[in-house]
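Contents: one structure, followed by commentary.
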Amino acid sequence: MLANLTSSERQYALILAGAVALAGVAMAIMGRSDVLGVHGVIVMLFGGGIAWMVMASFYGPEPTDDRTASYYDDPIKVGIVLSMVWAVFGMFMGVWVAAQLAWPNLAFDAAWSSFGRLRPTHTTGVIFGFGGNALIATSFHVVQRTSRARLAGQVSPWFVLLGFNLFCVLAVSGYLLGVTQSKEYAEAEWYADLWLVIVWVTYFILYIATIARRKEPHIYVANWYFMAFILVVAILHIVNNLALPISWGHAKSYTIWPGVQDAMVQWWYGHNAVAFFLTAGFLGMLYYYLPVRAQRPIFSYRLSILSFWGIVFFYMWAGSHHLHYTALPHWVQTLGMTFSVMLLVPSWASAGNALLTLNGAWHRVRDDATLRFMMAAAVFYGLSTFEGSFMAIRPVNSLSHYTDWTVGHVHAGALGWVALITFGSLYTLVPSLWKRERMYSATLVEVHFWLAIAGTLIYVFAMWNSGIIQGLMWRTYTEEGALAYSFVDSLVAMYPYYIARAFGGLLFLIGAVIGCYNIWMTVRATPLAATRADAPVQPAAVPGE
């Protein structure tokens with residue numbers, strides 16, 4: 001991990017780790033008996049642990065002079081490992097909270113294990129822990145290979161990767177301790193949000209600096225999507241999380257946005273988190289790893305650019321469709337509905353582009369489960385974006401909103417699109433990165449694929465059915481004008497679907513565990529004796545120098 005750092009870079013890393021540890025000490029002192037104090041101890045231990053690792057190898061041998069003649073892959077390898085660890089954690093928590101809906105006693109009558117505290121650990125663990133680490137790792141890989149240039153920094157990639165995981169740890173531990181802003185996908189409190197701003201700005205600067213030093217005149221399309229993901233997520237995070245703490249010694253804060261404005265800003269953030277964290281970044285994966293695995297060029301570069309600009313423009317206006325039939329002005333709701341329907345064009349442009357890329361390579365899809373992961377992800381992406389546009393239409397939303405149909409839609413995208421393209425990308429990347437001929441077991445990749453597909457379909461169909469039944473029961477009236485069914489009646493009707501939901505999630509979790517084992521065994525395998533050169537372009541030697 002530190003062998004590629006010079007003595008001056010190790011000194012810089014030690015200063016950064018020490019600064020983080022001191023910040024943790026300050027938080028612990030100011031927080032005292034508050035949750036802020038607990039998080040201060042976590043930050044102090046995290047910074048101290050990194051500082052100890054740096055000091056343990058501080059006087060190790062200097063890196064060789066030809067360090068820049070190879071790509072900087074160490075942070076990518078660690079990012080993949082962290083991504084899979086978070087995948088198992090986040091999906092386990094998801095199965096647990098899904099099981100609680102069928103068997104409430106699984107909360108064990110404890111505050112920390114209640115549905116309200118465990119549920120955000122699931123969303124944060126999967127979206128940010130699993131998805132975020134996969135995005136950071138693959139973006140570092142893609143930007144180097146498509147630019148034919150080494151990452152612009154030596155310490156900054158580690159700062160981004162480890163700093164992001166510190167944020168995830170603070171967020172998840174805070175939820176278990178009962179600290180939350182109660183904002184969807186933005187539950188972490190003010191100090192964790194401030195830390196993430198520092199990390200994310202560093203990420204953006206590092207990415208742009210690497211693009212600037214590229215040896216290729218062309219900026220490959222995957223980098224467009226990764227840059228949009230990094231830049232817009234920073235804007236969304238900062239604006240939505242503007243808040244004032246009740247004091248510097250307390251974790252609790254209050255948003256600066258009042259009433260309806262708070263709801264509008266939250267769902268501008270919430271829907272664009274889906275757009276730019278869960279869509280744009282993973283489209284960057286799709287546009288690089290799908291052609292690589294299929295051994296086919298992308299079907300249409302122009303179509304990919306059309307999709308990019310359509311997503312960047314249309315998605316920004318669509319968030320208000322989450323607030324139909326609320327106090328939000330009617331024209332704002334209509335604006336969100338209109339742009340949500342228009343989103344079909346750029347979304348299907350990318351889904352179609354991916355599937356058309358496979359023309360001439362369908363025999364590979366049949367025989368290669370890794371490529372099948374990516375193909376299925378493109379199909380789910382097209383289906384879930386169609387469903388999202390359909391559900392944004394006001395009369396449809398009147399039936400679907402607040403029901404399990406929305407949960408099914410979210411997981412069609414999260415499991416079917418995000419997770420499948422991630423697994424396909426990692427199965428493509430891992431053998432290449434560790435210089436192995438192939439994954440340890442093609443059979444285990446096949447088993448993982450079918451578990452993931454079965455789990456997703458069982459989960460999504462269960463939620464689609466339960467959601468439509470809920471919506472119909474809630475709007476059914478007697479001849480006297482009273483509700484025909486109570487809320488408890490609808491819960492009883494949902495019971496078998498909640499069991500199916502937990503079972504589908506369990507299948508998906510088992511697949512992720514199998515994926516972890518397969519990756520671990522691949523890493524442990526003997527590397528190839530000789531591999532094709534995979535190195536950045538070096539400046540041409542000047543005669544006489």
Side-chain angles (χ1 to χ4, degrees), residues 123 127 183-186 228-229 232-233 235-236 239-240 257-280 282-283 306-352 380-414 416-418 460 463-476:
T123 55
I127 295 173
K183 286 174 172 279
E184 186 78 356
Y185 311 137
F229 143 67
V232 179
V233 165
I235 297 170
L236 297 170
V239 174
N240 186 53
W257 305 109
V260 173
Q261 287 81 5
D262 183 34
M264 183 64 252
V265 170
Q266 161 58 29
W267 283 111
W268 168 78
Y269 164 89
H271 197 74
N272 282 296
V274 173
F276 290 94
F277 202 99
L278 297 177
T279 300
F282 292 94
L283 283 173
L306 168 69
S307 172
F308 173 81
W309 288 111
I311 286 173
V312 167
F313 181 70
F314 291 158
Y315 251 119
M316 280 293 184
W317 303 88
S320 58
H321 75 238
H322 288 266
L323 298 170
H324 284 322
Y325 304 103
T326 67
L328 197 72
H330 193 269
W331 70 267
V332 181
Q333 300 176 33
T334 303
L335 185 73
M337 176 179 67
T338 304
F339 275 92
S340 298
V341 173
M342 293 164 66
L343 266 172
L344 265 180
V345 175
S347 299
W348 276 24
S350 277
F380 271 106
Y381 176 61
L383 291 174
S384 60
T385 50
F386 169 77
E387 184 186 18
S389 296
F390 180 65
M391 292 171 68
I393 300 172
R394 192 177 286 109
V396 178
N397 193 267
S398 67
L399 174 69
S400 69
H401 207 40
Y402 306 118
T403 72
D404 289 335
W405 186 356
T406 302
V407 179
H409 163 62
V410 169
H411 284 79
W417 157 237
V418 170
V460 170
M463 291 297 93
W464 281 345
N465 278 279
S466 67
I468 292 172
I469 291 172
Q470 276 178 328
L472 293 174
M473 290 180 75
W474 293 349
R475 70 196 308 181
T476 300

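Every value quoted in this text rests on a predicted model; they were computed, and no experiment measured them.
Between the Ser389 side chain and the Ser340 main chain, a donor and an acceptor come within less than 3.5 Å of each other. Panel note: side chain Ser350, backbone Ser307; no donor-acceptor pair is recorded below 3.5 Å. In this structure, the side chain of Trp309 does not engage the main chain of Pro346 through any donor-acceptor pair within 3.5 Å.
Within the structure, the salt bridge (charged side-chain N to carboxylate O under 4.0 Å, His left out) test picks out the following pairs touching residues 257-267 (sequence neighbours left out): Lys183-Asp262.
Annotation: side-chain hydrogen bond (donor to acceptor under 3.5 Å, both in side chains) contacts of Glu184 (sequence neighbours excluded): Arg119. In this structure Trp464 satisfies the side chain to side chain contact (heavy atoms under 4.5 Å, CB included) test together with Glu387, Trp405, Val460, Phe461, sequence neighbours excluded. Judged as a side chain to side chain contact (heavy atoms under 4.5 Å, CB included), and not counting sequence neighbours, the contacts of Ser466 are Asp404, Met463, Met494, Tyr497. Thr334 meets the side chain to side chain contact (heavy atoms under 4.5 Å, CB included) test with His330, Met337, Thr338, Arg394; sequence neighbours excluded.
Phe313 is listed as a side-chain neighbour of Phe339, based on a closest heavy-atom distance under 4.5 Å. Tyr381 has its side chain within reach of Thr279: a pair of non-hydrogen atoms, C-beta onward, lies under 4.5 Å apart. Two residues are said to be in side-chain contact when any heavy atoms from C-beta on lie closer than 4.5 Å; Val418 and Phe380 fail this criterion. By the 4.5 Å heavy-atom criterion applied to side chains, Leu343 and Thr385 are not counted as neighbours. The shortest side-chain heavy-atom distance between Ser400 and His409 does not fall under the 4.5 Å cut-off. Side-chain contact between Ser320 and Met264: present, with at least one pair of heavy atoms (C-beta onward) separated by less than 4.5 Å.
Considering every non-hydrogen atom in both Leu399 and Ile468, the closest pair reads CD1-O, 4.4 Å. The heavy-atom pair separating Thr406 from Tyr402 by the smallest distance is OG1-N, 4.5 Å. What you find for Trp348 and Gly382 is that their closest heavy atoms are NE1-O, 2.9 Å. The minimum heavy-atom distance linking Ala228 with Val312 is given by the pair CB-CG2, 4.4 Å.
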Exercise. Please report the C-alpha distance between Val239 and Trp257 in whole Å, then the side-chain angles of each, then the deciding distance to 0.1 Å, and finally whether the side-chain contact (heavy atoms from CB on, under 4.5 Å) criterion is met.
Key: CA-CA 10 Å; Val239 174; Trp257 305 109; 3.9 Å; yes
Quiz item: Can you list the steps and then say if Leu283 with Trp417 is a side-chain contact (heavy atoms from CB on, under 4.5 Å)?
Solution: CA-CA 10 Å; Leu283 283 173; Trp417 157 237; 3.8 Å; yes
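Under the 30°/60° scheme for interplanar angles, the aromatic rings of Phe390 and Phe386 are found to lie parallel.
Once rounded to the nearest 0.5 Å, the distance linking NE2 of His321 with CG of Leu328 reads 12.5 Å. Within the model, atoms CD of Gln266 and CG of Leu236 stand 10.5 Å from one another, a figure rounded to the nearest 0.5 Å.
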Would you be so kind as to tabulate the donor-acceptor pairs closer than 3.5 Å made by side chains of residues 267-277, with sequence neighbours excluded?
residue, atom, partner, partner atom, Å
Tyr269, OH, Tyr185, O, 2.8
His271, ND1, His322, NE2, 2.9
Asn272, ND2, Trp268, O, 2.7

